[in-house]
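Whatever order the structure lists them in is the order used to number ligands and atoms, beginning at 1. The figures here come from the full heavy-atom set of this structure, side chains too, leaving out hydrogens, waters and symmetry mates.
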Amino acid sequence: MIQDRIKKLTDILNKANYNYHVLDKPTITDQEYDKYLRELINLEEENPEFKDKNSPTTRIGGEVIDEFNKVTHEIPMLSLSNVFNEEEIRKFDERIKREVKDPKYVCELKIDGLSISLLYKDGKLVRGATRGDGVVGEDITTNAKTIKTIPLEIIEKRNIEIRGEIYMSKETFNELNEEKKKNKEELFANPRNAAAGSVRQLDSKIAAKRKLDCFLYHLPNAEEYGINTHYEALEYIKKLGLIVNPNIKKVDNIDGVLNYIEYWANNRNTLPYEIDGIVIKLDSLKDQKRMGYTAKYPKWATAYKFPATLVLTKLKDIIFTVGRTGQVTPNAILEPVILMGSTISKATLHNEDYVKALGLKIGDIVAIKKAGDVIPEVVSVESDRRDGTEKEFIMAQNCPICGSRLIRKEDESAYYCHNPHCDAKRIESLIHYTDRPAMNINGFGDSIIEDFYNMGYLKNFKDFYKLKEHKKELMELEGFGEKSINNLLEEIELSKQNSLEKLLFALGIRHVGSKTAKILSKKYKNLKNLMSVSYEELVDVKDIGEVIAKSLTDYFQEEKNINLINELEKQGLNFNYLGKQEIYNELISGKKFVLTGTLNTITREEAKSRIEDLGGETRESVSKAIDVVIVGTNPGSKYDKAVKLNIEIWNEDEFLKAL
Ligand code: IVH
């Protein structure tokens, strides 16, 4: 009987597939597999009435659809909250402990792919769906069936939904991009994008070729199957014939979680697929219920995200922006990527020389780095991934805002717009004035300043102090009420009391950064004193060079600046240095420090300012002149250099103790 033969072949092929892909223990050779498969394809072609919807021949794809149908997830597919450091992990544990005594956790790798829901009816795969917005996803059943690690039938003939992650191995990803390069096609930026793109192929034959894989990690309503813990749920998923990641670990407490994280942070490169963190789940299902959910996340689980110092993405374009000094900077417009928990779609390219030194072309795949609070940067280009469609970079010759011809100064890489009336420059300098290290006027977002500028309320620094005269009009603007305007005006009033170094930095005098402003304020105590200091005297001040001295004396000679300062004085701004008396700290005062890696309990900016407050100095690079290198998690090459030069090294705890 043909039907019997079809059944027999189906069993052989399904079993062979399971042994090979799930158990990793092949029982028949590839040639035998192909022979049986061909026989089954032929039989089905000759007798289409006997073809089963879940025949192993669906693995090779074939069905082409116009669009994906929408599916509703009866139980929403939630995402996970994120934590980024030990402190946040411990806080997560504390929240759990408020409800649960002695919680046990299951640690899992956070697979960098896309989540999928698999629905089995009477043991047969009837639906594969993407997460979509959590409630409505897309029906990708035909493509799911091409994934060999997803069984078309499970061991028990029951109705069950199982969720997990579809991913592409690093090897498959590299092969795929190699092939795309050969065919001069656009390359995928990373394995996750490649997996997502493959799952959403309308032609399932193409999806089948992409060699996707799947790990399952979640059984909604597990209690209904007599299961009490998440760990048992994973065991059960395995028993049904699906793949659970082998690196799961049940731990007794949060220290066990931290050890697991440390291990995988150091060993993730050994895995054949990408992970972007660790998932921590409360083991007891009863306790999970007790913790419950927010609208978006389960409260019984969280994801620790690795500090992804480098990610690859596509450089879509290079645009030019004008800063407060008139410097025109090229900026990278990127295909959005998540880096350290935030989505990055822009990065600075500094100047023309930087772009040229990197050899960037528009359309390249580039590596992006973000360290601590620092602005994301493009650090390298994957030039071997070019496909010939990339475009050369050409530096702007005119200001993108006012159109004036840009000028590149000798000895500088930067191009400047010299039009003093250029709107972009003026808006940027107003934004700078309110910044935290400058006058620290809270409540002004960049767009408010831009709006106030365009409406004529803010053209100059002194106008901040005249805003109160327009209170009524401002309150009537869309998006502002009495309360927000009052808050803004209060902030402006408060800022008048700032110590001199903040005002001096806020004025935006070229080459006078916050550090220089502090040195000068400390030395001259009052703005009026500083204004009368000669160039010769300034160059003699420690850490003040010719460039700064010239810039300052030029600034204070210009009539419009003198008028501005007089106006600010009239408005009641404090011109005195109010600096705290420096406290002597044996371990810090007078020493030079370099920071590397991520500090968990303090931002890098704060750390620097604490060191400076205690009379220490901070530097960016390690040399023999450095006394101490402070090392956070995932330190860079500065750490290696410090070891090499035998420089004293402190970890975060030691630094905090010293403080
Ligand atoms: S559990 C209610 N476990 O990470 C349970 N998710 O950032 C929700 N992911 O949407 C998911 N590996 O796509 C879970 N071992 C793992 C995971 C994992 C990767 C993904 C998943 C989720 C996203 C949240």
For this session: Measure across Ala332 and Val378 and return the closest heavy-atom pair with its distance rounded to 0.1 Å.
Result: CB-CG2, 3.9 Å
Problem set entry | Identity and distance of the protein heavy atom lying nearest atom 3 (N) of ligand 1 | Lys281 NZ, 3.0 Å
Exercise. Would you call Asp364 and Lys314 a salt bridge, taking side-chain N to carboxylate O under 4.0 Å as the test?
Worked result: no
Seminar exercise, completed: The answer for which part of Leu109 has a heavy atom under 4.0 Å from ligand 1 is backbone
For this session: Count the heavy atoms belonging to other residues, nucleotides or ligands that lie under 6.0 Å from CD of Glu223, then report whether that count exceeds 12.
Result: yes
Exercise. With atoms numbered from 1 as shown, which atoms in ligand 1 lie under 4.0 angstrom from a non-hydrogen atom of Leu78?
Worked result: 8 (C)
For this session: List the closest protein heavy-atom neighbour of atom 4 (O) of ligand 1: residue, atom name, distance to the nearest 0.1 Å.
Result: Lys110 NZ, 3.1 Å
Exercise. Does ligand 1 have an atom that lies less than 4.0 angstrom from a heavy atom of Ser79?
Worked result: yes
Exercise. Does a side chain donor of either Glu156 or Tyr225 reach within less than 3.5 Å of an acceptor in the other side chain?
Worked result: no
Seminar exercise, completed: When distances are taken from atom 13 (O) of ligand 1, the protein heavy atom at minimum range is Glu165 OE1, 2.7 Å
Exercise. Is it true that the NZ or CZ of Lys249 lies under 6.0 Å from the centre of Tyr260's six-membered ring and within 45 degrees of the ring axis?
Worked result: no
For this session: Identify, by atom number and element, the atoms of ligand 1 in contact range of Glu108, meaning under 4.0 Å from any of its heavy atoms.
Result: 3 (N), 15 (N), 16 (C)
For this session: State whether Arg192 and Glu274 are salt-bridged, where the test is any N-O pair (Lys NZ or Arg NE/NH1/NH2 against Asp/Glu carboxylate O) under 4.0 Å.
Result: no
Seminar exercise, completed: for atom 16 (C) of ligand 1, nearest protein heavy atom and its distance come out as Tyr217 CD2, 3.4 Å
Problem set entry | Protein heavy-atom partner closest to atom 12 (N) of ligand 1 - residue, atom, separation in Å | Ile111 N, 3.0 Å
Seminar exercise, completed: If you scan protein heavy atoms around atom 10 (O) of ligand 1, the nearest is Ser115 OG, 3.9 Å
Exercise. Looking at side-chain heavy atoms only, is the closest gap between Asn85 and Thr598 below 4.5 Å?
Worked result: no
Exercise. Are any of the N/O atoms in Arg131 less than 3.5 Å from those in ligand 1?
Worked result: no
Residues 114-122 side chain polar contacts: donor-acceptor under 3.5 Å, at least two apart:
{"from": "Ser117", "atom 1": "OG", "to": "Glu161", "atom 2": "OE2", "distance (Å)": "2.8"}
{"from": "Tyr120", "atom 1": "OH", "to": "Pro151", "atom 2": "O", "distance (Å)": "2.6"}

For this session: Would you mind checking which non-hydrogen protein atom is closest to atom 2 (C) of ligand 1, with the distance to 0.1 Å?
Result: Pro298 CG, 3.8 Å
For this session: Classify the contact between Arg163 and ligand 1 as side chain, backbone, both or neither, using a heavy-atom distance cut-off of under 4.0 Å.
Result: neither
Exercise. Do Leu334 and Lys316 have side-chain heavy atoms sitting under 4.5 Å apart?
Worked result: no
